[in-house]
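Not measured: the values here are computed from a predicted model.
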Amino acid sequence: MKSGDNFFIDIQAMRTVDRIRVIYFLIAVLFFFLTELGRKVYRPFIYRNSIDDYGIADSVGNSGGIIVQIFVALAILNAPGAKAFRIVGFMVAGYILYEILQPYLPRGVFDWKDIYGTLIGGVLSVILLLLIKKVFINKVFFSLNQ
């Protein structure tokens with residue numbers, strides 16, 4: 001490991017704006033709007049019409065929210081290679097731990113559907129990450145490294 005780097009962070013990558021970083025940011029924005037659309041349109045429609053969607057409406061916030069959080073973190077940290085996958089794993093584990101601790105928190109309610117939603121969002125994030133790394137050739141726009 002280079003000086004100033006750790007398990008999640010590569011200082012040189014953090015000081016670089018490149019194509020992959022911009023794509024991470026765009027994915028975060030896209031999934032933010034999709035998640036809010038799910039919360040404000042899809043969920044009320046499902047509840048209002050008593051449709052059994054196998055808990056998708058219940059966990060749309062976790063499924064989409066974890067994708068948004070992962071890609072915001074990836075856009076901020078611009079983590080290369082395996083470090084990006086470590087961030088995904090860490091965030092998914094953190095969300096699941098938070099859900100498990102819900103009964104002990106004020107007004108917290110444990111829900112298995114939220115854990116499933118988090119896992120699904122984490123898997124989708126890994127798939128997106130693999131696709132990005134396979135499809136896009138990275139190009140540095142500018143760097144603050146000396």
[X] to [Y] - nearest heavy-atom pair and separation:
{"X": "Ala73", "Y": "Ile87", "result": "CB-CG2, 4.1 Å"}
{"X": "Ser59", "Y": "Lys113", "result": "CB-O, 3.2 Å"}
{"X": "Ser125", "Y": "Ile70", "result": "OG-CD1, 3.5 Å"}

At what distance, to the nearest 0.5 angstrom, does [atom1] of [X] lie from [atom2] of [Y]?
{"X": "Gln69", "Y": "Phe31", "atom1": "CD", "atom2": "CZ", "value": "14.0 Å"}
{"X": "Ile23", "Y": "Leu30", "atom1": "CD1", "atom2": "CG", "value": "12.5 Å"}
{"X": "Asp18", "Y": "Asn78", "atom1": "CG", "atom2": "CG", "value": "4.5 Å"}
{"X": "Leu124", "Y": "Ser63", "atom1": "CG", "atom2": "OG", "value": "8.0 Å"}
{"X": "Ile132", "Y": "Arg19", "atom1": "CD1", "atom2": "CZ", "value": "12.5 Å"}
{"X": "Asn62", "Y": "Thr35", "atom1": "CG", "atom2": "OG1", "value": "10.0 Å"}

- Message: With a sphere of 6.0 Å drawn around CZ of Phe25, does it hold more than 12 non-hydrogen atoms of other residues, nucleotides or ligands?
- Response: no
I'd like to check [X] versus [Y] (side-chain heavy atoms, cut-off strictly below 4.5 Å). Are they in contact?
{"X": "Leu128", "Y": "Tyr24", "answer": "no"}
{"X": "Ile120", "Y": "Ile66", "answer": "no"}
{"X": "Leu129", "Y": "Leu74", "answer": "yes"}
{"X": "Phe32", "Y": "Val72", "answer": "no"}
{"X": "Ile96", "Y": "Leu119", "answer": "yes"}

- Task: Scan side-chain atoms only and decide if Asp58 and Tyr47 contain a donor-acceptor pair under the 3.5 Å cut-off.
- Result: yes
- Just by distance, do the side chain of Arg43 and the backbone of Gly38 share a donor-acceptor pair under 3.5 Å? no
- Side chain Lys83, main chain Asn6, donor-acceptor under 3.5 Å: yes
[Y] reachable from [X] in the ILVMFWY side-chain graph, under 4.5 Å edges:
{"X": "Ile27", "Y": "Val60", "answer": "no"}
{"X": "Phe33", "Y": "Ile67", "answer": "yes"}
{"X": "Phe85", "Y": "Phe136", "answer": "yes"}
{"X": "Val68", "Y": "Leu37", "answer": "no"}
{"X": "Ile46", "Y": "Leu34", "answer": "no"}

- Could you list all the ring-ring contact (aromatic ring centres under 6.0 Å, His included) pairs where at least one residue sits in residues 88-116, not counting sequence neighbours? Phe8-Phe90, Phe110-Trp112
